[in-house]
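Worksheet: the structure to be examined is printed underneath.
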4 protein chains.
Amino acid sequence: MLNRVILIGRLTKDPELRYTPAGVAVTQFTIAVDRPFSSQGGEREADFIPVVTWRQLAETCANYLRKGRLTAVEGRIQVRNYDNNEGKRVYVTEVIADNVRFLESNRDSGGSRDDGGSYGGSAPSSNNQPSRGGNNNSGYSRGPAADPFSDDGKPIDISDDDLPF
Amino acid sequence: MLNRVILIGRLTKDPELRYTPAGVAVTQFTIAVDRPFSSQGGEREADFIPVVTWRQLAETCANYLRKGRLTAVEGRIQVRNYDNNEGKRVYVTEVIADNVRFLESNRDSGGSRDDGGSYGGSAPSSNNQPSRGGNNNSGYSRGPAADPFSDDGKPIDISDDDLPF
Amino acid sequence: MLNRVILIGRLTKDPELRYTPAGVAVTQFTIAVDRPFSSQGGEREADFIPVVTWRQLAETCANYLRKGRLTAVEGRIQVRNYDNNEGKRVYVTEVIADNVRFLESNRDSGGSRDDGGSYGGSAPSSNNQPSRGGNNNSGYSRGPAADPFSDDGKPIDISDDDLPF
Amino acid sequence: MLNRVILIGRLTKDPELRYTPAGVAVTQFTIAVDRPFSSQGGEREADFIPVVTWRQLAETCANYLRKGRLTAVEGRIQVRNYDNNEGKRVYVTEVIADNVRFLESNRDSGGSRDDGGSYGGSAPSSNNQPSRGGNNNSGYSRGPAADPFSDDGKPIDISDDDLPF
DNA sequence: TTTT
DNA sequence: TTTT
């Protein structure tokens with residue numbers, strides 16, 4: 001009925017932009033969020049939370065976010081599952097973001113109107129499709145090697161069926 | 001730096017109250033949160049999100065929440081990991097709740113001052129320890145069969161080290 | 001940069017649906033949110049928070065919400081100001097809602113697909129305009145007596161300029 | 001039942017630390033939060049939202065926050081009212097913060113363990129009382145000139161009765 | 001492996 | 001398998 005998440009943390013790596021077979025942009029990154037207390041051993045701890053963005057927001061994130069940047073993410077928790085190659089059901093929990101705010105300016109970025117940040121649907125005349133012509137011969141659709149997130153050890157499991165809207 | 005989650009949904013089962021070896025109360029339940037859109041096939045979908053509560057709040061949830069009840073949960077996302085029996089690292093994502101609101105009254109409950117609901121630290125004179133005498137001979141500390149959540153297929157992996165505060 | 005509010009409480013009155021001079025639907029209501037603690041005198045207290053919804057969401061709220069209903073509201077805080085008839089600047093703080101969830105079913109309502117609740121933009125084929133023909137001769141545009149919120153003592157101060165999107 | 005606000009914006013002025021007659025620290029500041037869209041005229045707009053912090057958090061905010069700093073605030077909406085000197089009831093809406101994160105480092109601050117930020121109750125051995133000796137002859141209790149917020153045109157209206165916990 |  |  002209601003599902004809202006707000007996070008502030010730092011990217012653990014540069015974001016990765018890919019395209020679904022139908023040509024929809026999707027970007028994944030992980031945000032490290034420091035916990036408000038130390039562990040019993042005294043060391044600082046963090047939660048490493050996977051974030052997924054789609055369409056226009058995916059492309060904006062891929063363009064402006066970089067490893068280490070302080071970032072605010074607003075979205076919802078999604079729990080996906082799939083059967084892995086051993087036939088075992090695996091559950092994946094991610095935050096599907098609809099609003100990302102860049103809290104540290106990108107020295108090399110062109111002037112953004114909002115001192116950083118992007119709403120899911122805020123690009124007025126964007127069609128939320130990759131502007132790469134009619135042939136969506138993206139890496140994504142070509143096979144495992146180019147599929148989203150496969151290079152960080154996660155299975156190939158984002159498809160057009162996962163489109164959140 | 002900031003990690004906040006608010007969910008409204010329904011419990012998929014009665015909550016399960018257990019105790020850590022040190023005698024700290026911990027309750028786990030799953031909340032089904034309907035997505036705001038239907039899948040491409042047209043059927044309704046939901047995210048099934050695991051929730052953990054500790055101490056006084058754990059005991060209140062165990063007492064008042066039941067399967068199917070509409071419930072609001074406020075907390076933070078936590079990502080734990082442990083090595084399973086095949087030596088593989090497994091990641092578990094849960095919401096650690098610090099505020100739970102009971103949105104459907106429990107016909108058989110005594111009159112709560114707040115028409116349902118409980119803050120993590122709101123019980124004024126609670127010591128957040130199970131009131132079961134000095135001997136914490138809880139099921140939890142006795143062995144795998146009685147350990148938290150093992151009966152729903154999850155490994156035994158909540159210990160006093162997981163205490164969030 | 002980021003402005004997010006989530007409230008759960010009860011309507012203090014039936015909502016009021018009006019139209020701007022340009023014919024845009026706007027509904028106002030107040031939600032009473034119990035505080036999580038009692039005052040020093042011991043009595044229960046609540047915050048009475050004004051909520052505004054626009055367009056399709058305004059019409060859905062006017063149709064389904066009623067006084068006393070338990071309701072979840074998601075939106076942003078907006079602070080407007082205007083000069084009153086004594087030339088003094090007055091500040092008005094409201095929650096502009098983009099998501100409202102009906103937590104208590106309306107016995108007399110037709111079957112909603114979502115057991116209650118409505119997203120700001122979720123009505124697929126709604127044009128977010130009042131379906132009252134080309135002549136927007138609404139009460140709102142006619143004069144004080146029919147203007148939004150004037151009957152609860154608030155000045156007439158919502159115009160098309162206040163449209164949040 | 002539930003009342004949660006999360007804001008990210010910039011302080012419009014340095015915060016003001018005062019003490020109630022009973023000696024409880026209270027800090028007020030205003031945070032400017034840019035709206036995610038421009039007005040019809042095209043200019044950027046912002047909401048100016050008053051924030052109040054109490055006790056230890058008040059002192060931390062007074063020490064570390066400065067005009068212009070990017071800041072995240074977590075709390076609840078509170079609506080107070082009082083009768084002004086003309087006998088008219090005035091409503092004041094504020095965010096009572098329980099968590100404030102400093103998103104821009106204070107060049108001149110000593111090394112904070114948390115790269116900025118403070119939870120309401122996180123100072124382990126703080127007594128939440130001003131460390132100014134037994135005589136609470138604070139400016140607050142002495143008269144209008146030193147009273148909280150009076151210098152920005154707001155009436156003198158915070159007392160110990162307003163303590164949120 | 002799920003709620004209504 | 002991680003950010004500062």
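None of the values given here were measured: they were computed from a predicted structure. Each chain gets a letter, A, B and so on, in the order its sequence line appears, and its residues count up from 1.
Whole-Å rounding puts the A:L65 CG to F:dT2 C1' distance at 16 Å. Straight-line distance from the CG atom of B:L7 to the C1' atom of E:dT3: 13 Å, rounded to whole Å. Atom CG in B:D34 sits about 11 Å away from atom P in E:dT3, given to the nearest Å. Atom CD1 in A:I31 sits about 13 Å away from atom P in F:dT4, given to the nearest Å. Distance CG (A:L70) to P (F:dT2): 20 Å, rounded to an integer number of Å. One interatomic measurement links the two molecules: CZ of B:F29 to P of E:dT3, which rounds to 16 Å at whole-angstrom precision. Note: CD (A:E45) to P (F:dT2) measures 14 Å, nearest angstrom. Atom CG of B:L11 and atom C1' of E:dT3 are 8 Å apart (whole Å).
Side chains of C:T71 and C:Y64 form no contact here, defined as non-hydrogen atoms less than 4.5 Å apart. At least one side-chain heavy atom of C:N99 sits less than 4.5 Å from a side-chain heavy atom of C:R101.
Distance from the side chain of B:R10 is smallest for E:dT4 among the nucleotides E:dT2, E:dT4, F:dT4. With E:dT3, F:dT2, E:dT1 as the candidates, the nucleotide lying closest to the side chain of A:F48 is F:dT2. Nearest to the side-chain atoms of B:A32 among the listed nucleotides E:dT3, F:dT3, E:dT1 stands E:dT3. Nearest to the side chain of B:A46, among E:dT2, E:dT3, E:dT1, sits E:dT3.
Nearest heavy-atom pair across B:R76 and A:D47 is NH2-OD2, 3.9 Å. Taking every heavy atom of both residues into account, B:T27 and B:E59 meet most closely at OG1-N, 4.5 Å.
OP1 and OP2 of F:dT4 both lie 4.0 Å or more from every side-chain N or O belonging to A:K67.
Looking only at distances, a side-chain donor or acceptor of B:D14 sits under 3.5 Å from a matching main-chain atom of B:K67.
The residue B:G9 sits apart from the nucleic acid: no heavy atom pair falls under 4.0 Å.
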